[in-house]
Each structure stands twice: as C-alpha cells, then as structure tokens.
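Worksheet for the structure shown next.
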2 protein chains.
Amino acid sequence: MQLEQALTILKDEGYKYTEKREDILNFFNKEDGYRTASDLLNYLSKKYSGISYDTIYRNLHLFHDLNILETTELGGEKHFRLSCGHDEHHHHFICKSCGKTKAIESCPMNHIRQNFDGYYIENHKFEVYGLCPSCL
Amino acid sequence: MQLEQALTILKDEGYKYTEKREDILNFFNKEDGYRTASDLLNYLSKKYSGISYDTIYRNLHLFHDLNILETTELGGEKHFRLSCGHDEHHHHFICKSCGKTKAIESCPMNHIRQNFDGYYIENHKFEVYGLCPSCL
DNA sequence: TTACAAATCGTAATGATTACGATATGATGA
DNA sequence: TCATCATATCGTAATCATTACGATTTGTAA
Ligand SMILES: [Mn+2]
Ligand SMILES: [Mn+2]
Ligand SMILES: [Zn+2]
Ligand SMILES: [Zn+2]
C-alpha cells in the first residue's frame, strides 16, 4: 500500500492529519516487514520523547480497522505491517530475523473445504516461518 | 494419547508422581479440546484451594516438553490439549466455541516447498477456525 | 526412617496491552 | 484571523497472562 493512499483513507474517513500519524506510516513503509508496537514506540521516541502508549496502540488499531495495516501474532506479541495491496487472498512466508515476507499465492483451504460439511468455517491461518535469503 | 502412556513417560524420565499431575492429565483427557492455563487453574482450584501459578505453568511446560501436550496460540493466549497420538504430520480445524478439533490430513507445505529455494524453512502453522457441528 | 532432590506454595515481578481523566491541537466556519 | 469543539495526545495507572523465586513440603530410593 502507498503512503498517499493511506493518508487519503484517513482523510476520507474524517480522521485528522497529524505528524505522528504520518511518521507511523513512514515507519512501516521504510521497515517493510512485520514490526511490534514496541518497535514503533522506540522509533517514535527519538523524535517525540514523551509519546504515549495510548497514541501507539490507538493508531495501530485504527490503521488496522481501516485496512491500512495487517497484523499477525508471533511469539505472543502482535506484529504489524503495511497491507500488501494485492487483492487476491493469499498467505505469507515470514522471516523470523528481519520480519520481511514473501507471498504464497495458493490457499490450502481450496483443497479441503469439501471435508467440512456440517462445520461453519470462519477463518484460517497459514504462515510459514524461517529465514529469508538475505538473512541466511 | 492415553493417560497411562503419559504417566509412563513421566516415570521413565525420572519425574515424580503427584496427584496434581494425574489430575492435570485427567482434566485434559476429559476436556478433549484446547484449554488455557486459567481453565486448568479453575478446575484444580476446586480440589486444591491454594494451588500456585507456578504449579500450573511448570507442569504445562513440562508436559509440552515431553510431547504429552500440544499447544497453540489463540487470541493472544496459549491453549493446550493432549497430543493427538497420530504419528503423521497433520493440522487441525479448531472449534472456537468448544475447543475441540478435527484433523486435516493434507499439509500445504508439500505443494509450495519448491517456491522457497534459497530460504530456510523452520516451521509453519496451518489452522482452520470456526464452529463444529455440535456447537452450530 | 532418613536424606535429598524435586515439587509446590505464596507472592512478587514482568511485559504487553488497555483504560481514562486532563490537556492540547487540527479542522471548520464565522 | 479567530473561536469552537470534536479528536488526538499525554501521563499514568490498571489489567491480564506469564514468569520468577525464596521458603516449605513431599515423593522416592537407599
Ligand atoms: Mn502479501
Ligand atoms: Mn490431530
Ligand atoms: Zn529476512
Ligand atoms: Zn465445537
């Protein structure tokens, strides 16, 4: 997702423009991988010495609700990244070292739906973890 | 996994037999689904009024290390269940209401390994969430 | 029955996340 | 430009799951 697109979503939805919000988006744009709330707090603390947890989490949740960020749970901690932008449903390899991802185009649900007659399927999670070539 | 098998593992590995340990195994045996540390604490508190968190978590981790329990993270909280016993690698549908599972025999990794030349793949997670027929 | 390592207790610490009253600040229109 | 006001942020405490640890108890083997 592009930064401008994200800022447009905020404006269209009636949220205010703030420099912190732009910095948060810039952070995720340059990081290009899954990052935690505390990663973001460390980054913003350089510029805004007294930044509040409330600001961090409120904006992370807002951006997630607006589909600007996507999230996953890794090792008991929520991680965030800019939404992919692809519009077809897909999954990810995630590098445990740098947090960067590689798309997995095929979805395993297609192969197994037939085995769940009588079940209500709400969602699913398929993620592959390891090390990317540059971290190896 | 059978209770007797679990108790044998404990004995063979040199761990002591305690009534609490047997009660923990009985709990997971009768529950037949993913349960949290706090589910277990509530259950054991009926019989052992002052049971310690240390006892709960120490035994959960021990049983997991001995492959008596398997674990997954649901909604930011670790859940435990008796190990399946199947020896072929597989995945699970998990009912969000009762925690019971249904095996998924096929593993999506088989189809996509070829796309990860140059990557080190450490592990993967594939879980399907929803409601089982009896919870519907 | 004794001895001792293992297990448990009681309770505090930790770390991520949430909560909330007080204050500051973007956006809007007069 | 200024006044207004809803939104955003701050400062800080609370919450929740999990971990930590010294003191005490207990299972096991000699
Ligand atoms: Mn993607
Ligand atoms: Mn199974
Ligand atoms: Zn990497
Ligand atoms: Zn169910």
Side-chain angles (χ1 to χ4, degrees), chain A residues 6-27 34-66 68-81 99, chain B residues 6-27 34-66 68-81 99:
Chain A
L7 289 169
T8 300
I9 293 172
L10 281 176
K11 183 160 202 170
D12 290 353
E13 298 287 331
Y15 293 98
K16 294 183 180 170
Y17 165 84
T18 69
E19 195 174 356
K20 291 191 182 69
R21 283 185 169 156
E22 181 156 13
D23 286 338
I24 290 172
L25 293 172
N26 282 326
F27 170 75
Y34 277 107
R35 298 291 176 261
T36 65
S38 114
D39 291 335
L40 177 60
L41 180 69
N42 288 338
Y43 175 76
L44 291 178
S45 291
K46 293 177 209 158
K47 186 168 174 183
Y48 309 98
S49 63
I51 190 157
S52 169
Y53 287 107
D54 195 60
T55 302
I56 299 290
Y57 283 104
R58 183 172 20 75
N59 283 306
L60 286 174
H61 295 158
L62 172 65
F63 291 175
H64 181 247
D65 290 345
L66 297 176
I68 292 169
L69 294 178
E70 46 188 271
T71 181
T72 192
E73 186 127 359
L74 299 171
E77 206 173 345
K78 269 177 199 143
H79 288 60
F80 300 84
R81 53 159 293 169
Chain B
L7 289 169
T8 301
I9 293 172
L10 281 176
K11 182 158 202 172
D12 290 353
E13 298 287 332
Y15 293 98
K16 292 183 179 172
Y17 166 84
T18 71
E19 195 174 356
K20 291 191 182 69
R21 283 185 168 156
E22 181 155 13
D23 286 338
I24 291 172
L25 294 171
N26 281 327
F27 170 75
Y34 277 107
R35 298 291 176 261
T36 64
S38 114
D39 291 335
L40 177 60
L41 181 69
N42 288 339
Y43 175 77
L44 291 178
S45 291
K46 294 178 208 157
K47 187 168 173 184
Y48 309 98
S49 64
I51 190 157
S52 169
Y53 287 108
D54 195 61
T55 302
I56 299 289
Y57 283 104
R58 184 171 19 78
N59 283 306
L60 286 174
H61 294 158
L62 172 64
F63 291 174
H64 180 248
D65 290 346
L66 297 176
I68 292 169
L69 294 178
E70 45 188 271
T71 181
T72 192
E73 187 128 359
L74 299 171
E77 204 172 344
K78 269 176 200 144
H79 288 60
F80 300 84
R81 52 159 294 169

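- With DNA chain D read from its 5' end, the first of the two nearest nucleotides for B:Tyr17 and B:Ala37 is the one closest to B:Ala37.
- Proximity of A:Tyr57 to the phosphate of C:dT17: a side-chain N or O atom is located under 4.0 Å from OP1 or OP2.
- B:Tyr53 has its OH atom 13 Å from the P atom of C:dG10, to the nearest Å.
- At least one donor-acceptor pair closer than 3.5 Å links the side chain of A:Asp39 to the backbone N or O of A:Thr36.
- Remark: C1' of D:dT15 and CG of A:Asp54 are 15 Å apart, rounded to the nearest angstrom.
- Atom CZ of B:Phe27 has more than 12 neighbouring heavy atoms from other residues, nucleotides or ligands inside a 6.0 Å radius.
- Note: A:Glu70 CD to A:Arg81 CZ = 5.0 Å, rounded to the nearest 0.5 Å.
- Contact check, B:His61 against D:dT19: a side-chain N or O comes under 4.0 Å of OP1 or OP2.
- At the phosphate of C:dC9, OP1 or OP2 sits under 4.0 Å from a side-chain N or O atom of B:Thr55.
- Residue-to-nucleotide contacts include a donor-acceptor pair under 3.5 Å from the side chain of A:Lys16 to the base of D:dA6.
- Regarding A:Asn59, its CG atom lies at a distance of 11 Å from the C1' atom of D:dT7, rounded to whole Å.
- Straight-line distance from the CG atom of B:Leu60 to the P atom of D:dA20: 15 Å, rounded to whole Å.
- Comparing B:Lys11 and B:Thr36, the nucleotide of DNA chain D nearest to each residue sits closer to the 5' end for B:Thr36.
- The interatomic distance linking A:Lys78 (NZ) with D:dA17 (P) rounds to 13 Å, in whole Å.
- Contact of the A:Leu60 side chain with the A:Thr71 side chain is not registered, since no non-hydrogen atoms from C-beta on lie closer than 4.5 Å.
- Here the P atom of nucleotide C:dG15 and the CG atom of A:Leu74 are 19 Å apart, to the nearest Å.
- Residues B:Tyr15 and B:Arg21 are in side-chain contact: their nearest non-hydrogen atoms beyond the backbone lie under 4.5 Å apart.
- The separation between B:Ile51 atom CD1 and D:dT25 atom P is 17 Å, rounded to whole Å.
- The side chain of B:Lys20 contributes an N or O atom lying less than 4.0 Å from OP1 or OP2 of C:dC9.
- Residue contacts shown for A:Arg58 include a base, since a base heavy atom lies under 4.0 Å away.
- Side-chain N/O atoms of B:Thr18 include none lying less than 4.0 angstrom from OP1 or OP2 on C:dA7.
- Spacing between atom CG of A:Asp39 and atom C1' of C:dG15 amounts to 14 Å, rounded to whole angstrom units.
- Counting any heavy atom pair closer than 4.0 Å across all strands shown, B:Tyr15 reaches sugar-phosphate atoms only and no base atom.
- The residue among B:Arg21 and A:Ser52 whose nearest nucleotide of DNA chain C lies closer to the 5′ end is B:Arg21.
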